[in-house]
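Each remark here refers to the structure printed beneath this line.
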Amino acid sequence: FPMILTLSASATYPSSGFPNPCSPVAKTRNFDTLSVPQGITMSIGVNAIRYSFADHEVTNAEIAGRFPHLKPGFVENKLGVKHRFILSPGQAVSDLAVSAAEKIFSETGLARDRVRLLIVCTQNPDYQLPTTACLVQDRLGLPQSCMSFDINLGCSGFVYSLAAAR
């Protein structure tokens, strides 16, 4: 299911050797650019997480009914999964990503023009091209300067996406 994170970043300047135009005393400021000059460290934190599920819920009993060799309690006992959500006809991954992102904008007050990076991690993109991230960027009205790309991974995708955002 699409999960949207907002990240905050700050840059920490070394105590000497780097001119700070804002103040000779200040060591940290909000980080609003994509380039990190040498000697500066950057940290990123998660500010908010929102998610969106597909419309159609499928239970283990339904799955077991379609696959007679599968015992009804097997999936729940082995994986802990009681049900899953499946896209309805006409529904796409981008719809879920846009829904989750709209929750971020409405519930946190994040301004769309402040978004600098959009990563969509999915094994089921809407199309081969354009990337789902570009579709989401357009539908959300994010700036054209917002870097947007897909990461095609499953279970490890969350960790890889966080690393790529850093």
Side-chain angles (χ1 to χ4, degrees), residues 1-12 30-31 34 36 41-143 146-166:
F1 61 90
M3 178 169 46
I4 302 294
L5 308 170
T6 62
L7 305 174
S8 64
S10 65
T12 304
N30 285 337
F31 189 76
L34 294 175
V36 180
T41 59
M42 189 172 98
S43 61
I44 295 178
V46 176
N47 290 337
I49 298 175
R50 300 297 184 274
Y51 54 88
S52 185
F53 292 112
D55 292 336
H56 185 66
E57 182 178 353
V58 177
T59 66
N60 289 339
E62 291 176 77
I63 298 288
R66 291 174 43 194
F67 300 97
H69 66 280
L70 187 63
K71 295 183 179 167
F74 175 79
V75 173
E76 185 176 351
N77 292 337
K78 293 292 181 187
L79 303 174
V81 175
K82 295 180 183 180
H83 56 259
R84 74 263 323 125
F85 294 90
I86 297 176
L87 295 173
S88 298
Q91 190 178 34
V93 168
S94 61
D95 297 325
L96 301 179
V98 167
S99 172
E102 290 292 357
K103 291 176 187 177
I104 289 281
F105 293 126
S106 67
E107 295 172 16
T108 68
L110 175 68
R112 294 169 198 262
D113 64 350
R114 301 272 304 151
V115 178
R116 304 276 192 264
L117 173 65
L118 173 67
I119 301 171
V120 173
C121 183
T122 182
Q123 289 181 300
N124 303 296
D126 290 7
Y127 307 101
Q128 289 283 325
L129 287 173
T131 65
T132 303
C134 290
L135 298 173
V136 172
Q137 176 187 10
D138 180 63
R139 287 178 56 191
L140 290 173
L142 301 180
C146 174
M147 184 182 352
S148 300
F149 59 90
D150 287 359
I151 292 180
N152 184 10
L153 288 171
C155 298
S156 62
F158 178 77
V159 176
Y160 275 89
S161 296
L162 285 177
R166 184 168 188 267

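Because only heavy atoms are used, hydrogens play no part in the values below, and waters and symmetry mates are left out as well, while side chains stay in.
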Side chains of K103 and T108: closer than 4.5 Å at any heavy-atom pair?
no
Quick check: do E107 and R50 have side-chain heavy atoms less than 4.5 Å from each other?
yes
Residue set satisfying salt bridge (Lys or Arg N to Asp or Glu O under 4.0 Å) with D150, at least two apart, ordered chain then number -> none
CA sep, side-chain torsions, deciding dist, call: L140, V115, side-chain contact (heavy atoms from CB on, under 4.5 Å)
CA-CA 11 Å; L140 290 173; V115 178; over 6 Å; no
side-chain hydrogen bond (donor to acceptor under 3.5 Å, both in side chains) against H83, all qualifying residues, sequence neighbours excluded
E57
Distance in Å, D138 CG paired with C146 SG, rounded so as to fall on 0.5 Å steps
11.5 Å
Could you give all pairs that pass the salt bridge (Lys or Arg N to Asp or Glu O under 4.0 Å) test and reach residues 92-101, with sequence neighbours left out?
D95-R139
If you look only at distance, which donor and acceptor atoms sit under 3.5 Å apart when one is on a side chain in residues 117-135 and the other is two or more places apart or in another chain?
| residue | atom | partner | partner atom | Å |
| --- | --- | --- | --- | --- |
| T122 | OG1 | N124 | N | 2.9 |
| D126 | OD1 | V93 | N | 3.2 |
| D126 | OD1 | S94 | N | 3.2 |
| D126 | OD2 | S94 | OG | 2.4 |
| T131 | OG1 | C134 | N | 3.2 |
| T132 | OG1 | D126 | N | 3.0 |

Closest non-hydrogen atom pair between F105 and L110, with its separation
CD2-O, 3.2 Å
More than 12 foreign heavy atoms under 6.0 Å from CZ of F74: is that the case here?
no
Not counting sequence neighbours, which residues clear side-chain hydrogen bond (donor to acceptor under 3.5 Å, both in side chains) with S156? List them please.
none
In this structure, is the centre-to-centre distance between the rings of F53 and Y51 below 6.0 Å?
yes
Just how far is it from atom OH of Y160 to atom CD1 of I151, taken to the nearest 0.5 Å?
10.0 Å
The criterion is salt bridge (Lys or Arg N to Asp or Glu O under 4.0 Å); which residues satisfy it with E102, sequence neighbours excluded?
R112
Side chain to side chain contact (heavy atoms under 4.5 Å, CB included) with A163: which residues, sequence neighbours excluded?
none
Check side chain to side chain contact (heavy atoms under 4.5 Å, CB included) between D55 and all other residues, then give those that pass, not counting sequence neighbours.
S88, Q91
Below 3.5 Å, can you tabulate the donor-acceptor pairs from side chains in residues 59-69 to any protein atom, sequence neighbours excluded?
| residue | atom | partner | partner atom | Å |
| --- | --- | --- | --- | --- |
| T59 | OG1 | E62 | N | 3.3 |
| T59 | OG1 | E62 | OE2 | 3.3 |
| N60 | OD1 | R84 | NH1 | 3.1 |
| N60 | OD1 | R84 | NH2 | 2.8 |
| N60 | ND2 | V81 | O | 2.6 |
| E62 | OE2 | T59 | N | 3.0 |

